[in-house]
Amino acid sequence: MSKGINLRMEEYVPAGTFLKASFVRDRVELATRFSEFSTEYLNAFEVQLTKVSDLEQTLVLTEEQKGITASLYRASDALNKELNFLSFYFERAALDPTIISAVKRDLNVKNIEGAILKMKGIIQYVISKKALLEEKGMSATFPDELNAVQADLKLKNELQNEVMNDKKQLHKDNKGEYDALYTFISVIAKAGKIMYNGLSKKDEYTVTKITSRMRRSKGNRTKDTE
């Protein structure tokens, strides 16, 4: 596959849909400089876009799986908040907070697996210093609460990994169809950027601009859902 544009697998269809709207509008004008952009070419693009879209519809996700990413990040935020309290207890007890900082860095960059692994060490350490930390304000049940939050994060991360693996397998099994759609997107995007260089319309053919708009829109929908 060409490295001309950078798309996540799940972005092929939405990016293609965004691009198609501009291409339908501008096709006749584009065809004056790129003769292959005939009505037949547009039809073939639409057929390929529909084909890949239909493939993805076969990947039936449960309602729990559909919201798993937002749920995972909520669990991550909950753990991060608990670690703020733990940092306070560590500071009061004059304990080294380095292990806490390492987990928080992982959570901030969405390295969930790394955070989960490090949390095991933190919980063990907290238990070993339980008496001292309780003297500095930590509740007796706090280690159990940390363990519960970590277990919830681990469960949600495993579920998300299952969904991601299913998507990767779908891509692997239908690589030719995805590659064909990628080619349409790549060719149209490159031609549009050349044709409309220096004009605001160029952004509509710049894949990084399209994906940025898509991801921003997706993020806003997630916040609204929450």
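For residues 125-147, the pairs satisfying ring pair (Phe, Tyr, Trp, His ring centres under 6.0 Å) are Y89-F142, F90-Y125, with sequence neighbours left out.
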Working note: K81 + D77, criterion salt bridge (Lys or Arg N to Asp or Glu O under 4.0 Å); need CA distance, chi angles, decisive distance, verdict. CA-CA 6 Å; K81 184 175 181 179; D77 290 342; over 6 Å; no
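If you check the side chains of E29 and Y196, you find a donor sitting under 3.5 Å from an acceptor.
For Y41 and F184, the distance between ring centers is under 6.0 angstrom.
Crowding of K120 atom NZ: a count of heavy atoms from other residues, nucleotides or ligands under 6.0 Å not exceeding 12. Applying the 6.0 Å contact sphere to CD of E91 captures no more than 12 heavy atoms from other residues, nucleotides or ligands. Surrounding NZ of K190 are at most 12 heavy atoms belonging to other residues, nucleotides or ligands under 6.0 Å away. Within a 6.0 Å radius of NZ in K201, other residues, nucleotides and ligands contribute more than 12 heavy atoms.
In this view, N147 and I123, Q150 satisfy the side chain to side chain contact (heavy atoms under 4.5 Å, CB included) rule, not counting sequence neighbours. Residues passing the side chain to side chain contact (heavy atoms under 4.5 Å, CB included) test with K130 are E134, M138, A140, P143, sequence neighbours excluded.
The shortest side-chain heavy-atom distance between L133 and E135 does not fall under the 4.5 Å cut-off.
For the atom pair CZ of F37 and CE of M195, the computed distance is 10.0 Å after rounding to the nearest 0.5 Å.
In terms of modelled atom types and a separation under 3.5 Å, the side chain of Y178 and the main chain of L170 share no donor-acceptor contact.
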